[in-house]
There are 2 protein chains.
Amino acid sequence: METLIKVLKGGSCKITPQRIAVYNVLQDNFDHPNAEAIYNKLAPTYPTISLATVYKSLELFAELGLIQVINIGENSFRYDYNAKSHPHVVCTKCHKVEDLEDESFMELSSAVEEMKHYKITKQQLCFYGVCPECTDM
Amino acid sequence: METLIKVLKGGSCKITPQRIAVYNVLQDNFDHPNAEAIYNKLAPTYPTISLATVYKSLELFAELGLIQVINIGENSFRYDYNAKSHPHVVCTKCHKVEDLEDESFMELSSAVEEMKHYKITKQQLCFYGVCPECTDM
DNA sequence: ACCTAAAAAAATAAAAATTATTATTTACTA
DNA sequence: TAGTAAATAATAATTTTTATTTTTTTAGGT
(Lines give C-alpha, C1' and ligand atoms only; values in the text may rest on other atoms or scores of the structure.)
Protein backbone atom coordinates (compact mmCIF):
# COMPACT_ATOMS: atom_id res chain seq x y z
CA MET A 1 0.00 0.00 0.00
CA GLU A 2 2.78 2.38 0.96
CA THR A 3 4.71 0.73 -1.86
CA LEU A 4 2.01 1.53 -4.38
CA ILE A 5 1.96 5.21 -3.44
CA LYS A 6 5.73 5.47 -3.43
CA VAL A 7 6.09 3.83 -6.84
CA LEU A 8 3.25 5.78 -8.42
CA LYS A 9 4.81 9.03 -7.17
CA GLY A 10 8.20 7.89 -8.41
CA GLY A 11 6.75 7.35 -11.86
CA SER A 12 4.91 10.71 -11.67
CA CYS A 13 1.59 8.94 -11.89
CA LYS A 14 -1.44 10.09 -9.97
CA ILE A 15 -2.78 8.28 -6.96
CA THR A 16 -6.43 7.51 -7.59
CA PRO A 17 -9.01 5.52 -5.63
CA GLN A 18 -9.39 3.20 -8.63
CA ARG A 19 -5.69 2.32 -8.69
CA ILE A 20 -5.64 1.75 -4.97
CA ALA A 21 -8.70 -0.47 -5.23
CA VAL A 22 -7.25 -2.59 -8.04
CA TYR A 23 -3.97 -2.95 -6.20
CA ASN A 24 -5.76 -3.99 -3.02
CA VAL A 25 -7.65 -6.74 -4.81
CA LEU A 26 -4.36 -8.21 -5.97
CA GLN A 27 -2.88 -7.84 -2.53
CA ASP A 28 -5.78 -9.65 -0.90
CA ASN A 29 -6.31 -12.37 -3.51
CA PHE A 30 -3.50 -14.79 -4.11
CA ASP A 31 -5.49 -16.74 -6.65
CA HIS A 32 -3.92 -14.80 -9.53
CA PRO A 33 -7.10 -13.28 -10.92
CA ASN A 34 -7.57 -12.09 -14.47
CA ALA A 35 -8.83 -8.60 -15.30
CA GLU A 36 -12.46 -9.61 -15.27
CA ALA A 37 -12.18 -11.39 -11.92
CA ILE A 38 -10.65 -8.24 -10.45
CA TYR A 39 -13.43 -6.18 -11.98
CA ASN A 40 -16.04 -8.49 -10.47
CA LYS A 41 -14.39 -8.33 -7.05
CA LEU A 42 -14.53 -4.56 -7.19
CA ALA A 43 -18.08 -4.31 -8.51
CA PRO A 44 -19.93 -4.55 -5.16
CA THR A 45 -17.91 -1.89 -3.38
CA TYR A 46 -17.03 0.14 -6.46
CA PRO A 47 -19.98 -0.11 -8.84
CA THR A 48 -18.89 2.76 -11.07
CA ILE A 49 -15.45 1.41 -11.97
CA SER A 50 -14.88 0.62 -15.63
CA LEU A 51 -13.28 -2.55 -16.92
CA ALA A 52 -11.01 -0.44 -19.11
CA THR A 53 -9.72 1.29 -16.00
CA VAL A 54 -8.90 -2.08 -14.46
CA TYR A 55 -6.92 -3.01 -17.57
CA LYS A 56 -5.12 0.33 -17.65
CA SER A 57 -4.21 0.13 -13.97
CA LEU A 58 -2.86 -3.39 -14.34
CA GLU A 59 -0.85 -2.38 -17.39
CA LEU A 60 0.63 0.54 -15.47
CA PHE A 61 1.48 -1.59 -12.43
CA ALA A 62 3.24 -4.10 -14.64
CA GLU A 63 5.24 -1.36 -16.36
CA LEU A 64 6.26 0.06 -13.00
CA GLY A 65 7.36 -3.41 -11.87
CA LEU A 66 4.78 -3.54 -9.11
CA ILE A 67 3.13 -6.73 -10.31
CA GLN A 68 3.69 -9.36 -12.97
CA VAL A 69 1.52 -10.63 -15.78
CA ILE A 70 1.32 -14.38 -16.13
CA ASN A 71 -0.02 -16.69 -18.69
CA ILE A 72 -0.99 -20.22 -17.76
CA GLY A 73 -2.32 -21.27 -21.14
CA GLU A 74 -5.77 -19.83 -20.72
CA ASN A 75 -7.31 -17.34 -23.08
CA SER A 76 -6.83 -14.45 -20.68
CA PHE A 77 -3.89 -13.06 -18.73
CA ARG A 78 -3.63 -13.37 -14.99
CA TYR A 79 -1.98 -10.95 -12.60
CA ASP A 80 0.36 -11.76 -9.75
CA TYR A 81 0.89 -9.45 -6.78
CA ASN A 82 4.40 -10.87 -6.47
CA ALA A 83 6.46 -9.17 -9.19
CA LYS A 84 9.49 -11.35 -8.57
CA SER A 85 9.95 -14.17 -11.09
CA HIS A 86 8.86 -17.51 -9.63
CA PRO A 87 7.32 -20.73 -10.91
CA HIS A 88 3.60 -21.39 -10.85
CA VAL A 89 1.80 -24.65 -10.22
CA VAL A 90 -1.62 -25.09 -11.79
CA CYS A 91 -4.15 -27.71 -10.76
CA THR A 92 -5.78 -29.08 -13.87
CA LYS A 93 -8.84 -30.13 -11.89
CA CYS A 94 -9.77 -27.16 -9.69
CA HIS A 95 -7.76 -24.67 -11.77
CA LYS A 96 -6.09 -23.04 -8.82
CA VAL A 97 -2.74 -21.38 -9.41
CA GLU A 98 -0.14 -21.56 -6.68
CA ASP A 99 3.18 -19.78 -6.30
CA LEU A 100 6.38 -21.71 -5.88
CA GLU A 101 8.77 -19.45 -4.08
CA ASP A 102 12.01 -21.24 -4.48
CA GLU A 103 15.15 -19.41 -5.50
CA SER A 104 16.79 -22.51 -6.98
CA PHE A 105 14.79 -22.25 -10.17
CA MET A 106 16.41 -18.94 -10.97
CA GLU A 107 19.64 -20.73 -11.83
CA LEU A 108 18.03 -22.24 -14.90
CA SER A 109 18.45 -18.99 -16.78
CA SER A 110 22.23 -19.20 -16.65
CA ALA A 111 22.05 -22.75 -17.94
CA VAL A 112 19.96 -21.54 -20.88
CA GLU A 113 22.36 -18.64 -21.46
CA GLU A 114 25.23 -21.09 -21.82
CA MET A 115 23.35 -23.49 -24.03
CA LYS A 116 21.81 -21.02 -26.44
CA HIS A 117 24.08 -17.99 -26.00
CA TYR A 118 21.17 -15.75 -25.20
CA LYS A 119 21.24 -13.01 -22.58
CA ILE A 120 18.22 -14.16 -20.55
CA THR A 121 16.27 -11.44 -18.75
CA LYS A 122 13.11 -13.20 -17.69
CA GLN A 123 11.79 -16.69 -17.20
CA GLN A 124 8.29 -18.05 -16.85
CA LEU A 125 7.86 -21.56 -15.51
CA CYS A 126 4.54 -23.30 -15.22
CA PHE A 127 3.85 -26.80 -13.91
CA TYR A 128 0.50 -28.50 -14.46
CA GLY A 129 -0.89 -31.34 -12.43
CA VAL A 130 -3.37 -32.41 -9.80
CA CYS A 131 -3.23 -30.78 -6.37
CA PRO A 132 -3.30 -32.81 -3.12
CA GLU A 133 -6.92 -31.81 -2.46
CA CYS A 134 -8.09 -32.95 -5.87
CA THR A 135 -6.10 -36.20 -5.76
CA ASP A 136 -8.11 -37.37 -2.73
CA MET A 137 -11.28 -37.44 -4.78
CA MET B 1 3.21 -37.45 -42.62
CA GLU B 2 2.82 -41.18 -42.18
CA THR B 3 2.43 -40.33 -38.51
CA LEU B 4 -0.44 -37.95 -39.19
CA ILE B 5 -2.34 -40.54 -41.21
CA LYS B 6 -1.73 -43.27 -38.68
CA VAL B 7 -2.86 -41.14 -35.75
CA LEU B 8 -5.91 -39.75 -37.55
CA LYS B 9 -6.97 -43.28 -38.43
CA GLY B 10 -6.33 -44.41 -34.87
CA GLY B 11 -8.61 -41.66 -33.63
CA SER B 12 -11.20 -42.51 -36.31
CA CYS B 13 -10.82 -39.09 -37.83
CA LYS B 14 -10.96 -38.47 -41.53
CA ILE B 15 -7.90 -37.75 -43.58
CA THR B 16 -8.59 -34.53 -45.45
CA PRO B 17 -6.40 -32.35 -47.69
CA GLN B 18 -6.91 -29.46 -45.25
CA ARG B 19 -5.58 -31.43 -42.30
CA ILE B 20 -2.62 -32.63 -44.29
CA ALA B 21 -1.89 -29.07 -45.42
CA VAL B 22 -2.05 -27.63 -41.89
CA TYR B 23 0.16 -30.40 -40.56
CA ASN B 24 2.68 -29.82 -43.32
CA VAL B 25 2.96 -26.14 -42.51
CA LEU B 26 3.89 -27.01 -38.94
CA GLN B 27 6.31 -29.64 -40.14
CA ASP B 28 8.08 -27.20 -42.43
CA ASN B 29 8.06 -24.13 -40.18
CA PHE B 30 9.90 -24.33 -36.92
CA ASP B 31 9.08 -20.76 -36.02
CA HIS B 32 6.08 -21.85 -33.94
CA PRO B 33 3.41 -20.05 -35.93
CA ASN B 34 0.03 -19.04 -34.58
CA ALA B 35 -3.23 -19.95 -36.31
CA GLU B 36 -3.27 -16.87 -38.48
CA ALA B 37 0.33 -17.33 -39.60
CA ILE B 38 -0.51 -20.89 -40.63
CA TYR B 39 -3.57 -19.64 -42.47
CA ASN B 40 -1.49 -17.06 -44.31
CA LYS B 41 1.11 -19.65 -45.26
CA LEU B 42 -1.63 -21.81 -46.73
CA ALA B 43 -3.46 -19.01 -48.53
CA PRO B 44 -1.35 -18.96 -51.74
CA THR B 45 -1.54 -22.69 -52.40
CA TYR B 46 -4.87 -23.28 -50.73
CA PRO B 47 -6.99 -20.17 -51.26
CA THR B 48 -10.28 -21.77 -50.27
CA ILE B 49 -9.25 -22.91 -46.80
CA SER B 50 -11.09 -21.34 -43.90
CA LEU B 51 -9.43 -19.94 -40.77
CA ALA B 52 -11.94 -21.89 -38.69
CA THR B 53 -10.73 -25.10 -40.31
CA VAL B 54 -7.16 -24.22 -39.36
CA TYR B 55 -8.25 -23.73 -35.76
CA LYS B 56 -10.23 -26.97 -35.73
CA SER B 57 -7.38 -28.96 -37.25
CA LEU B 58 -4.91 -27.59 -34.71
CA GLU B 59 -7.28 -28.35 -31.86
CA LEU B 60 -7.67 -31.90 -33.10
CA PHE B 61 -3.93 -32.42 -33.53
CA ALA B 62 -3.33 -31.20 -29.99
CA GLU B 63 -5.99 -33.56 -28.62
CA LEU B 64 -4.45 -36.46 -30.48
CA GLY B 65 -1.05 -35.55 -29.06
CA LEU B 66 0.41 -34.83 -32.49
CA ILE B 67 1.45 -31.28 -31.69
CA GLN B 68 1.56 -28.98 -28.66
CA VAL B 69 0.03 -25.61 -28.00
CA ILE B 70 2.36 -23.05 -26.48
CA ASN B 71 1.89 -19.72 -24.95
CA ILE B 72 4.75 -17.27 -24.82
CA GLY B 73 2.84 -14.36 -23.29
CA GLU B 74 1.41 -13.05 -26.51
CA ASN B 75 -2.28 -12.60 -27.12
CA SER B 76 -2.47 -15.63 -29.40
CA PHE B 77 -1.46 -19.25 -29.06
CA ARG B 78 1.39 -20.73 -31.01
CA TYR B 79 1.71 -24.30 -32.24
CA ASP B 80 4.73 -26.54 -32.00
CA TYR B 81 5.29 -29.51 -34.31
CA ASN B 82 7.24 -31.16 -31.51
CA ALA B 83 4.63 -32.53 -29.11
CA LYS B 84 7.20 -33.52 -26.51
CA SER B 85 7.51 -31.12 -23.58
CA HIS B 86 10.59 -28.95 -23.90
CA PRO B 87 11.60 -25.40 -22.94
CA HIS B 88 11.31 -22.46 -25.31
CA VAL B 89 13.61 -19.49 -25.66
CA VAL B 90 12.11 -16.26 -26.95
CA CYS B 91 14.11 -13.34 -28.30
CA THR B 92 12.54 -10.15 -27.04
CA LYS B 93 14.01 -8.20 -29.95
CA CYS B 94 13.29 -10.25 -33.09
CA HIS B 95 10.55 -12.31 -31.38
CA LYS B 96 11.84 -15.62 -32.66
CA VAL B 97 10.97 -18.70 -30.61
CA GLU B 98 13.53 -21.47 -30.36
CA ASP B 99 13.26 -24.96 -28.98
CA LEU B 100 15.55 -26.16 -26.27
CA GLU B 101 15.74 -29.88 -26.55
CA ASP B 102 17.38 -30.86 -23.35
CA GLU B 103 16.09 -33.72 -21.27
CA SER B 104 17.53 -32.38 -18.03
CA PHE B 105 14.71 -29.89 -17.61
CA MET B 106 12.21 -32.70 -17.31
CA GLU B 107 13.55 -33.49 -13.83
CA LEU B 108 12.11 -30.26 -12.51
CA SER B 109 8.66 -31.77 -12.39
CA SER B 110 9.68 -34.30 -9.76
CA ALA B 111 11.17 -31.50 -7.69
CA VAL B 112 7.87 -29.66 -7.86
CA GLU B 113 5.96 -32.83 -7.01
CA GLU B 114 7.99 -33.18 -3.82
CA MET B 115 7.71 -29.54 -2.86
CA LYS B 116 4.01 -29.05 -3.46
CA HIS B 117 2.73 -32.64 -3.35
CA TYR B 118 1.13 -32.33 -6.76
CA LYS B 119 1.09 -35.06 -9.37
CA ILE B 120 2.67 -33.10 -12.21
CA THR B 121 1.64 -34.12 -15.72
CA LYS B 122 2.93 -31.26 -17.85
CA GLN B 123 5.39 -28.43 -17.68
CA GLN B 124 5.84 -25.35 -19.78
CA LEU B 125 9.11 -23.44 -19.49
CA CYS B 126 9.80 -20.20 -21.29
CA PHE B 127 12.96 -18.11 -21.18
CA TYR B 128 13.05 -14.57 -22.52
CA GLY B 129 16.13 -12.67 -23.59
CA VAL B 130 18.18 -11.38 -26.46
CA CYS B 131 19.46 -13.84 -29.06
CA PRO B 132 23.10 -13.85 -30.27
CA GLU B 133 22.12 -12.25 -33.58
CA CYS B 134 20.28 -9.38 -31.91
CA THR B 135 23.01 -8.83 -29.32
CA ASP B 136 25.50 -7.96 -32.07
CA MET B 137 23.47 -4.93 -33.03
C1' DA C 1 -8.38 26.59 0.51
C1' DC C 2 -9.03 27.69 -4.61
C1' DC C 3 -7.79 27.53 -9.64
C1' DT C 4 -5.81 25.47 -13.28
C1' DA C 5 -3.55 22.23 -16.33
C1' DA C 6 -2.63 17.75 -17.04
C1' DA C 7 -3.84 13.13 -16.16
C1' DA C 8 -7.15 9.63 -15.35
C1' DA C 9 -11.85 7.65 -15.43
C1' DA C 10 -16.12 6.27 -17.54
C1' DA C 11 -18.54 4.93 -21.28
C1' DT C 12 -18.42 3.27 -25.41
C1' DA C 13 -16.64 1.66 -29.69
C1' DA C 14 -13.32 -0.97 -32.06
C1' DA C 15 -10.01 -4.52 -32.76
C1' DA C 16 -8.16 -9.04 -32.37
C1' DA C 17 -8.47 -13.91 -31.37
C1' DT C 18 -11.23 -17.75 -30.93
C1' DT C 19 -15.44 -20.49 -31.00
C1' DA C 20 -20.14 -21.64 -32.58
C1' DT C 21 -23.63 -22.25 -36.22
C1' DT C 22 -25.46 -23.93 -40.41
C1' DA C 23 -25.70 -25.36 -45.02
C1' DT C 24 -22.92 -27.75 -48.29
C1' DT C 25 -19.40 -30.90 -49.59
C1' DT C 26 -16.37 -34.79 -48.88
C1' DA C 27 -14.36 -39.10 -47.05
C1' DC C 28 -15.01 -43.64 -46.03
C1' DT C 29 -17.87 -47.89 -44.91
C1' DA C 30 -20.67 -51.48 -46.34
C1' DT D 1 -20.81 -47.04 -55.88
C1' DA D 2 -24.46 -45.32 -52.78
C1' DG D 3 -25.38 -43.81 -48.15
C1' DT D 4 -24.01 -41.71 -43.98
C1' DA D 5 -21.48 -39.47 -40.79
C1' DA D 6 -17.97 -36.20 -40.49
C1' DA D 7 -15.57 -32.17 -42.14
C1' DT D 8 -15.39 -27.75 -44.61
C1' DA D 9 -16.56 -23.06 -45.80
C1' DA D 10 -18.70 -19.10 -44.77
C1' DT D 11 -20.36 -16.43 -41.54
C1' DA D 12 -21.93 -14.95 -37.11
C1' DA D 13 -21.14 -14.65 -32.36
C1' DT D 14 -18.26 -14.50 -28.32
C1' DT D 15 -14.46 -13.24 -25.62
C1' DT D 16 -10.57 -10.56 -24.42
C1' DT D 17 -8.16 -6.48 -24.87
C1' DT D 18 -7.25 -1.85 -26.64
C1' DA D 19 -8.54 2.74 -28.47
C1' DT D 20 -11.39 6.93 -28.50
C1' DT D 21 -13.81 10.68 -26.64
C1' DT D 22 -15.96 13.24 -23.18
C1' DT D 23 -16.20 14.18 -18.39
C1' DT D 24 -14.16 14.12 -13.95
C1' DT D 25 -10.42 14.20 -10.75
C1' DT D 26 -5.81 14.88 -8.93
C1' DA D 27 -2.13 17.67 -7.41
C1' DG D 28 0.72 21.68 -7.74
C1' DG D 29 0.99 26.77 -7.53
C1' DT D 30 -1.14 30.82 -5.93
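In the text below, chain A, chain B and the rest are named by the order of the sequence lines, each starting its count at 1.
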Would you please indicate yes or no on a ring centroid separation below 6.0 angstrom for A/Tyr23 and A/Phe61? yes
TODO: Return no unless some side-chain N or O of A/Thr48 is found under 4.0 Å from OP1 or OP2 of C/dA10.
DONE: yes
Of D/dT26, C/dT18, D/dA27, the nucleotide closest to the side chain of A/Pro17 is D/dT26
Rounded to whole Å, the CG-P distance (B/Leu51 to D/dA13) equals 18 Å
Out of D/dA9, C/dT18, C/dA27, minimum distance to the side chain of B/Tyr46 belongs to D/dA9
Subject >> Side-chain N,O (B/Thr53) to OP1/OP2 (D/dA9) below 4.0 Å >> reply: yes
A/Glu59 CD to D/dT17 C1', in whole Å, measures 10 Å
- Message: For a quick test of reading the model: is some side-chain N or O of A/Tyr55 closer than 4.0 Å to OP1 or OP2 of D/dT18?
- Response: no
* Does A/Lys96 reach the side chain of A/Cys131, with side-chain heavy atoms less than 4.5 Å apart? -> yes
Considering only heavy side-chain atoms of B/Arg19, the closest of D/dT17, C/dA10, D/dA7 is D/dA7
When B/Lys14 and B/Ile49 are each assigned the nearest nucleotide of DNA chain D, the 5'-most assignment goes to B/Lys14
Comparing B/Glu36 with A/Ser12, nearest DNA chain C nucleotide closer to 5' gives the residue A/Ser12
Is it true that B/Asp99 and B/His88 share a donor-acceptor pair across their side chains at a distance under 3.5 Å? yes
Rounded to whole Å, the CD1-P distance (A/Ile72 to D/dT16) equals 13 Å
**Asked** Is there a side-chain polar atom (N or O) of A/Gln18 under 4.0 Å from OP1 or OP2 of C/dA10?
**Response** yes
Winner on side-chain proximity to B/Thr16, out of C/dA17, D/dT8, D/dA19, is D/dT8
Note to self: Hydrogens and angles aside, do A/Tyr81 and A/Gln68 bring a side-chain donor and acceptor to less than 3.5 Å of each other?
What the structure shows: no
Query raised in the report: Do the side-chain N or O atoms of A/Ser50 get closer than 4.0 angstrom to the phosphate oxygens (OP1, OP2) of C/dT12?
Result: no
Close side-chain approach of A/Arg78 to A/Asp31, heavy-atom, < 4.5 Å:
no
Assert: residue with more 5' nearest nucleotide on DNA chain C, out of B/Lys56 and B/Asn75, is B/Asn75
